[in-house]
Amino acid sequence: MNYNIIEKDNKITIENIKDFEPKHVFECGQAFRWYMEEDGSYTTIHHGRVLNVKKEREDLILSNTNGSEFQNIWYNYFDLDTDYGEIKRELSKDPILEEAIKFGEGIRILNQEPFETIISFIISANNQIPRIKKSIELISQNYGKPIDIYNGKEYFSFPNAEILANIDEKELEEKNKVGYRAKYIVSTAKMINEKEIDIHQIPNLSTKEAKEILMKLPGVGPKVSDCVLLFAFNKNDAFPVDVWVKRVMEYFYLKKDTKLKDISTYSYEKFGDLAGFAQQYLFYYAREKGIGRKK
DNA sequence: GTCCAGGCTTTCC
DNA sequence: GGAAAGCCTGGA
């Protein structure tokens, strides 16, 4: 993909960017460490860097960074090499997705850090987004490293597997509001730290093989593994089925009380290698519109 | 082997 | 008081 880039004063401006709407990208539930500022911009910490993102008319402004960081970190993180226009044209052949895409037209799927993503989605199980965000922030403050201060707020890295593997379960539970998931987090960190599960091998595996490996981690089931594959390993055929996707799929495509596995199978057959993108448009549409929710 | 009920921390609506 | 980007365990 070609972009017009301007570098100036610790900022990168991408002129006339297509298919990138900060609200859609950062509030569609794929990432939990984007914080909205008073001016409507968003700040995150990723790969040991703090970055602020703002859309001004058709331009995207990345602040607190430079050209080499943009090339080495942010270009891949924001999935800027992928042509979302082409993906949207293909998926819009389905009238329901056409509607969902109109609603979340600026969604992109980020390429996030594997370990942080695994732990984040273990925390997400049977949980709510505000509390998930709070737990991840607490874990970072308690066990991560201070990285930078931006706009008066201090940012901490997410701790690595070695650090989390050596924390007492009770302490993790009490200090970070993760509840009964504490034992899953510590056990998973141990298995990864001791290379009992080698997550570095996952990019070389098929989506199915990778999923079987990830599901050996405690606290990682079918849904969490799909999220990790889609959001951290660029496996774009993964289709996480959570309560909202179950509702929206049953509402528009299938009958009530369809089994989760049958929803996955149907979705992969329908959307193929674009299933993960379809999932993200549908999830955002369903949650924002409250599709199928009880009143 | 598959399927299902019940339990799980705590917050949010 | 029910639900929340579910998973684990035990039993049929």
Side-chain angles (χ1 to χ4, degrees), chain A residues 24-34 100 104 107-110 112 116-139 142 167-191 197 211-233 235-236 238-251 256-265 267 275-295:
Chain A
H24 298 168
V25 179
F26 308 138
E27 295 189 13
C28 70
Q30 63 177 317
F32 302 107
R33 297 196 76 191
W34 282 94
I107 286 176
R108 308 182 73 82
I109 296 185
L110 301 169
Q112 303 185 63
E116 178 176 337
T117 305
I118 290 169
I119 302 300
S120 296
F121 281 92
I122 288 175
I123 293 169
S124 79
N126 194 23
N127 208 340
Q128 292 156 302
I129 289 178
R131 188 175 158 220
I132 300 164
K133 287 183 170 178
K134 184 175 287 179
S135 287
I136 293 168
E137 181 63 16
L138 283 168
I139 289 172
N142 287 329
I167 293 171
D168 179 64
E169 277 175 27
K170 271 275 172 255
E171 184 195 318
L172 192 70
E173 179 179 348
E174 286 164 8
K175 280 193 180 172
N176 306 282
K177 309 286 183 189
V178 295
Y180 62 92
R181 307 167 191 86
K183 60 178 180 292
Y184 302 149
I185 294 170
V186 175
S187 303
T188 287
K190 280 183 177 157
M191 287 173 74
I197 299 293
K211 182 165 178 164
E212 287 172 9
I213 302 277
L214 284 173
M215 283 179 58
K216 291 180 180 172
L217 296 167
V220 178
K223 189 271 177 181
V224 171
S225 59
D226 278 335
C227 285
V228 172
L229 291 168
L230 182 59
F231 301 142
F233 288 106
K235 306 284 192 192
N236 294 327
F239 190 89
V241 182
D242 72 311
V243 289
W244 289 105
V245 173
K246 178 169 156 52
R247 282 173 191 159
V248 73
M249 290 304 292
E250 289 178 349
Y251 189 86
K256 273 190 69 180
D257 300 323
T258 305
K259 287 176 200 151
L260 296 179
K261 191 158 190 184
D262 293 336
I263 296 175
S264 294
T265 307
S267 303
F277 300 104
Q279 190 273 1
Q280 208 55 24
Y281 293 117
L282 288 168
F283 172 80
Y284 185 66
Y285 184 73
R287 193 164 69 92
E288 296 288 313
K289 296 254 183 187
I291 300 288
R293 185 181 55 194
K294 286 183 189 169
K295 290 181 186 153

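The chains referred to below are lettered A, B, ... by the order of the sequence lines, with proteins before strands, and numbering in each begins at 1. Quick caveat, the model's predicted, so the values are computed rather than measured.
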Measure [atom1]/[X] against [atom2]/[N] and give the value in whole Å, please.
X      : N      : atom1 : atom2 : result
A/I119 : C/dA5  : CD1   : C1'   : 16 Å
A/K246 : C/dA4  : NZ    : C1'   : 15 Å
A/F121 : C/dA4  : CZ    : P     : 17 Å
A/E169 : B/dC8  : CD    : C1'   : 14 Å
A/I132 : B/dT11 : CD1   : C1'   : 11 Å
A/K175 : B/dT10 : NZ    : P     : 16 Å
A/D257 : B/dC3  : CG    : P     : 15 Å
A/R33  : C/dA5  : CZ    : P     : 20 Å

> If the P atom of C/dA5 is compared with that of B/dC4, how far apart are they to the nearest Å?
Replying inline: 23 Å

> When you compare B/dT9 with C/dT9, how far apart are their P atoms, in angstrom units rounded to a whole number?
Replying inline: 13 Å

> Under a 3.5 Å cut-off on both pairing distances, which runs of 3 or more consecutive Watson-Crick or G-U pairs involve DNA chain B?
Replying inline: B:2-8 with C:6-12, B:10-13 with C:1-4

>> Walk along nucleotides 6-12 of chain C from 5' to 3' and tag each nucleotide B, S or - by protein heavy-atom contact under 4.0 Å, base first, then sugar-phosphate.
In response: BSS----

>> Taking side chain to side chain contact (heavy atoms under 4.5 Å, CB included) as the criterion, tell me which of A/L282, A/I291, A/L260 meets it with A/M249.
In response: A/L282

> Name the one of A/S225, A/P222, A/C227 that satisfies side chain to side chain contact (heavy atoms under 4.5 Å, CB included) with A/L214?
Replying inline: A/S225

> Sequence neighbours excluded, which residues qualify as side-chain hydrogen bond (donor to acceptor under 3.5 Å, both in side chains) partners of A/E250?
Replying inline: A/K246

> Sequence neighbours excluded, which residues qualify as side-chain hydrogen bond (donor to acceptor under 3.5 Å, both in side chains) partners of A/R33?
Replying inline: A/S140

>> With nearest nucleotide decided by heavy atoms, which residue, A/K259 or A/R131, maps closer to the 5′ end of DNA chain B?
In response: A/K259

>> Can you tell me how far apart CG (A/L110) and CZ (A/F26) are? Round to the nearest 0.5 Å.
In response: 6.5 Å

> How far does CD1 of A/I123 sit from CD1 of A/I139, to the nearest 0.5 angstrom?
Replying inline: 4.0 Å

>> Would you say that A/I118 contacts A/T188 through its side chain, given a criterion of any heavy-atom pair below 4.5 Å between the two side chains?
In response: yes

>> Does any part of the side chain of A/Q279, heavy atoms only, come nearer than 4.5 Å to the side chain of A/S267, both counted from C-beta?
In response: no

> Do any of residues 279-291 of chain A sit with a heavy atom less than 4.0 Å from DNA chain C, and if so which?
Replying inline: A/Q279, A/Q280, A/F283

> Going through the checks in order, is the salt bridge (Lys or Arg N to Asp or Glu O under 4.0 Å) test met by A/E137 and A/K134?
Replying inline: CA-CA 5 Å; A/E137 181 63 16; A/K134 184 175 287 179; over 6 Å; no

>> Under the criterion side-chain contact (heavy atoms from CB on, under 4.5 Å), I'd like the reasoning laid out for A/K175 against A/I167: C-alpha separation, chi angles, the key distance, then a yes or no.
In response: CA-CA 11 Å; A/K175 280 193 180 172; A/I167 293 171; over 6 Å; no

> Excluding sequence neighbours, so at least two apart, what forms side chain to side chain contact (heavy atoms under 4.5 Å, CB included) with A/K216?
Replying inline: A/I197

> Would you say the ring centroid of A/F283 lies under 6.0 angstrom from that of A/F239?
Replying inline: no

> With a non-hydrogen cut-off below 4.0 angstrom, is A/F231 in contact with a base, only sugar-phosphate, or nothing?
Replying inline: base

